[in-house]
Amino acid sequence: MIFDLRHHMRVYEQLFGSVERVTELIMQTNWEDGSTPREYWMNTPDHLYVIANTFNLCVVFLARSQSTTVLPLVSNIDGPSGMIFVGLIEELQHFIQLRLIDGCPLPTLHVQWEYHRDMRVSG
């Protein structure tokens, strides 16, 4: 994810509004030593785009307060290679991977998609 943030800095700068926010995400993602302290935990919605772009996935995020679907802005020409479903237990600020039944309704696309889809670039 750090490589993707650095490699597509311009895309993320446009998406998140500043180089400082991208740098903050790089620092927040940079943890490799044992149990992850809270300051390195994933947050939303910014990390959803990083996950979608890094792994070329459609990310479906479900929470009581906000649910959204995020498509990669940086991917190969064939589009996303799959889907991942992420749920948030808000009381614990804990993310879990979900398995949803086939054909279930999905949340709408993230509000920024309409604005940023035109900057979509090939990996």
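Just so it is clear, the structure is predicted and the values come from calculations on it, not from any experiment.
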Is the shortest heavy-atom distance from the side chain of [X] to the side chain of [Y] under 4.5 Å?
| X | Y | value |
| --- | --- | --- |
| M1 | R6 | no |
| I26 | R21 | no |
| T29 | H47 | yes |
| V86 | L98 | no |
| E20 | T23 | no |
| L5 | T54 | no |

Quick one: [atom1] on [X] to [atom2] on [Y], what's the gap to the nearest 0.5 Å?
| X | Y | atom1 | atom2 | value |
| --- | --- | --- | --- | --- |
| Y49 | L25 | OH | CG | 14.0 Å |
| Q66 | E90 | CD | CD | 8.5 Å |
| S65 | L88 | OG | CG | 7.0 Å |
| D46 | L15 | CG | CG | 7.0 Å |
| F85 | C58 | CZ | SG | 7.5 Å |
| M9 | F16 | CE | CZ | 11.5 Å |

Practice task
Look at E13 together with R10 and state whether they make a salt bridge at an N to O cut-off of under 4.0 Å.
Solution key: no
Out of curiosity, does [Y] fall in the hydrophobic cluster containing [X] (side-chain heavy atoms, cut-off under 4.5 Å, transitive links)?
| X | Y | answer |
| --- | --- | --- |
| L106 | V59 | no |
| F95 | L48 | yes |
| V60 | I51 | no |
| L73 | I2 | yes |
| V70 | I96 | no |

Exercise for the section: Verify side-chain contact (heavy atoms from CB on, under 4.5 Å) between L57 and M83, making sure each step is shown before the conclusion. Expected result: CA-CA 5 Å; L57 294 172; M83 296 179 84; over 6 Å; no
Completion exercise
Scanning both residues in full, the closest heavy-atom pair of A52 with P72 reads O-CB, 3.4 Å
Handout entry: Heavy atoms from other residues, nucleotides or ligands near CE of M27 exceed 12 (cutoff 6.0 Å)
Key = no
Handout entry: Side-chain H-bond candidate by donor/acceptor type, Y12 with N53, under 3.5 Å
Key = yes
For [Y], does its backbone N or O pair with a side-chain atom of [X] as donor and acceptor, under 3.5 Å?
| X | Y | result |
| --- | --- | --- |
| S81 | N56 | yes |
| T69 | P107 | yes |
| W41 | T36 | yes |

